[in-house]
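Predicted model only: the values in this text are computed from it and were never measured.
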Amino acid sequence: MTRYILGISAFYHDSAAALIADGRIIAAAQEERFTRIKQDSHFPLEAAKFCLSYAGVTVSELDAVVFYDKPLLKFERLLETYYAFAPKGLAQFLSFVPVWIKEKLFLKKLIRDALKTLDPNCDPLKVKLLFPEHHLSHAASAFFPSPYEEAAILTIDGVGEWATATIMHGKGSEIKPLKELRFPHSLGLLYSAFTYFLGFKVNSGEYKLMGMAPYGNPSSPQIKEYRDKITGTLIDLRDDGSIWLNPDYFTYTTGLRMIDDKKWAALFGFPTRPVESHIEQHHCDLAYVIQQIHDEIVLKMAAEAKRLTGAKHLCLAGGSALNCVSNGKLLKSGLFDGIWIQPAAGDAGGALGAALAVHYQYFGAPRTADGTNDAMQGAYLGPEYSELDAELMARKHKAIYHRIGDFEKLIDLVTDHLTHGKVVGWHQGRMEWGPRALGNRSILGDARNGSMQKKLNLKIKYREGFRPFAPSVLAESSPEFFDLKQGSPYMLLIADVVKERRTELPANYHELPLFDKLYMTRSDVQSITHLDFSARIQTVHKETNSRYHRLISRFKEKTGYGLIVNTSFNVRGEPIVCTPEDSFACFMATEIDTLVIGDLLFIKEEQPDWNDRDKWKRTFALD
């Protein structure tokens, strides 16, 4: 009989559910996509309901439900931390204890109640509940779906129970822990502290910090000054990549904030940047330095993993594995023959890893890998909607649409729109798993268009103008544009734009104001070229997304360029769209020109009240 296992992550951020059958991934999704609450941390009822429904499985048919960490061990860490730092942290202690007593210490009951909600006919007491450790869940999410029979595994995040980073060795169906860094010393928390200090939200703004880093001036004397202050005062960095954080400057162990703001202001010579305030050059320079230090620590940890395991390949997971700059430098170092990163590397991916860990290590199932193909199915693991679903949505809103039954004709029209500077919302098939849009819930543009980055940031995404965009490039066309050693199907690697496509910059380039640098032409694919000539790349493979691959191929036939701009189909503060209703709402509330849902084509100017975006924002609560 088929063994079904449901994995769950919840109660911190990015709650999610994933279902596997005999080790094969059937469905996976984050709760936020259904509730429309960004980074929803509640128990993932809707995501679990989707997974079970997609597989046609009831709760009674599950062999196990697996939570992605051990709450009691985490509770122990919290109590020991407060005891060690007492009387500091009393306010935080009093705020967290009621939550833990009400929910997390009685997690088994909460899960069983949720299972009863999902399936009123089940007996939740008969369902096996299991709780692997947090970093084992991360490690399993990285290794078991990877194409490797054997690999070193590196997991890095803020903190799980006690571990903040681990090195493990995966071979066949076994994962063996080898070394760990323990709380309160954490690379993830260090990076989050700088995220907070530089004016972004912790646990969601780290990628903004990464995006700001290329605006730093590498020739500025501040660069060395900042580095000396970080490595001399804030941290002690060892050869194996382990770090010690100076507790005099960090308050996350006892307070409700990450850092001691006054001490950081005295150290760096400027205060914590208020959210949404103007970005100065010193902010960019500090972002540049901490990104460099992050890269260095990851490389040292990876070298230690290589030393301990002797493996030729590396698997990565944990929130820090979403830092595609560090990932790219790790790949470029040649330390490993190849690296593989879980697409949902953060806590959401823990749901999948927990289920896989139980399948292979608890139930003892055998595993084989072919060395080439991973098991993620392109990460297209979420819900999909029929043409009828889209038509019913359109009729509800009296929307005007064109049904294009011939896909070749459809992509011909869409690529014409792209070449004329239009922005296209592209909704196809199953929703992606993880934080990246990979061509099924994407907003598309022409990478050659020098004004596309500005248009997308300010008129579509409603976000900071400095934020970069990523290219979707045909896998076979990637060498024409990027210095990339392997495929990057999940948009988790940074690589340089090849020199032949770059534009020579003026000698005073790094001394220019931020936005003067931003809008200066750097390459013939300007809208995806970062200030340091790098790009965050998605390689598109015909085997996993034939429709998207065909679209970009048609664009290449017309322009000679086998790549386009791809950004997630959402606006700032909103989760990526899931349903046709979500996509139409985003289309109408922004300046997206064209929307494609399956084979249905919507053109903005043809829609009733098409220019009244405020109305659509109110209608769909997108204010």
Side-chain angles (χ1 to χ4, degrees), residues 378 380 384-387 389-391 393-394 399-432 437-449 451-453 455-456 459-461 469-477 491 525 527-528 538-542 544-570 576-577 580 582-588 590-607 610:
Y380 305 110
E384 60 183 328
Y385 299 89
S386 68
E387 186 175 284
D389 292 323
E391 287 189 290
M393 178 280 298
I400 306 300
Y401 63 91
H402 306 270
R403 184 189 294 106
I404 315 294
D406 181 347
F407 185 66
E408 294 301 314
K409 181 179 178 182
L410 175 66
I411 60 173
D412 200 50
L413 291 169
V414 172
T415 51
D416 277 348
H417 285 217
L418 291 171
T419 58
H420 286 88
K422 303 291 187 182
V423 175
V424 176
W426 184 252
H427 175 133
Q428 302 287 314
R430 296 186 70 178
M431 183 179 67
E432 298 90 338
L438 302 173
N440 278 9
R441 301 292 188 276
S442 292
I443 296 174
L444 311 178
D446 185 350
R448 304 170 304 159
N449 188 324
S451 63
M452 187 55 65
Q453 179 181 7
K455 179 177 182 179
L456 286 170
K459 296 188 176 183
I460 310 296
K461 304 285 280 187
F469 288 99
S472 287
V473 59
L474 299 174
E476 57 272 28
S477 295
M491 204 184 283
V525 282
S527 289
I528 57 86
Q538 179 203 2
T539 52
V540 180
H541 302 256
K542 182 166 53 178
T544 52
N545 196 331
S546 59
R547 286 171 74 91
Y548 195 40
H549 187 278
R550 187 71 196 103
L551 172 71
I552 303 173
S553 296
R554 179 59 57 85
F555 187 82
K556 182 177 183 179
E557 290 166 12
K558 292 183 176 182
T559 66
Y561 285 68
L563 84 169
I564 56 177
V565 175
N566 171 17
T567 188
S568 57
F569 199 158
N570 66 323
I576 296 174
V577 299
D582 300 334
S583 297
F584 189 73
C586 190
F587 168 62
M588 293 302 294
T590 66
E591 294 185 41
I592 295 174
D593 302 294
T594 306
L595 171 65
V596 182
I597 304 178
D599 291 332
L600 304 187
L601 178 71
F602 301 77
I603 296 172
K604 178 63 68 63
E605 290 83 354
E606 295 178 353
Q607 307 308 316
W610 67 271

Let me confirm one number: the CD-OG1 distance from E605 to T594, rounded to the nearest 0.5 Å. 8.0 Å
Between the main-chain N or O of C586 and the side-chain N or O of T590, is there a donor-acceptor pair closer than 3.5 Å? yes
Return the CG to CD distance between L474 and E476, rounded to the nearest 0.5 Å. 4.5 Å
Rounded to the nearest 0.5 angstrom, the CD-CZ distance for Q428 and R441 is 8.5 Å
dist I564:CD1 -> L444:CG (nearest 0.5 Å) comes out at 4.5 Å
Which distance, rounded to the nearest 0.5 Å, do you find between the OH of Y385 and the NE2 of H427? 7.5 Å
Measure from the side-chain N and O atoms of E432 to the backbone N and O of G439, and report whether any donor-acceptor pair falls under 3.5 Å. yes
Mind checking what makes ring-ring contact (aromatic ring centres under 6.0 Å, His included) contact with Y401, not counting sequence neighbours? F602
Tell me the closest heavy-atom pair linking K604 and I592, and the distance in Å. NZ-O, 2.7 Å
Output yes when R547 and D599 qualify as a salt bridge under the 4.0 Å nitrogen-oxygen rule, no when they do not. yes
Minimum heavy-atom distance between D593 and V423, given as atom pair plus value: OD2-N, 2.8 Å
Main-chain N/O of I528 paired to Q453 side chain as donor or acceptor, under 3.5 Å: no
Any donor-acceptor pair under 3.5 Å linking the side chain of N449 with the backbone of S527? no
Test item: N440 side-chain N/O and R430 main-chain N/O as donor-acceptor pair under 3.5 Å: yes
L595 side, atom CG; M588 side, atom CE - distance, nearest 0.5 Å: 10.0 Å
Geometric cation-pi criterion R550 and F407, 6.0 Å radius, 45° cone: no
Is K558 paired with D412 through a side-chain N to carboxylate O contact shorter than 4.0 Å? yes
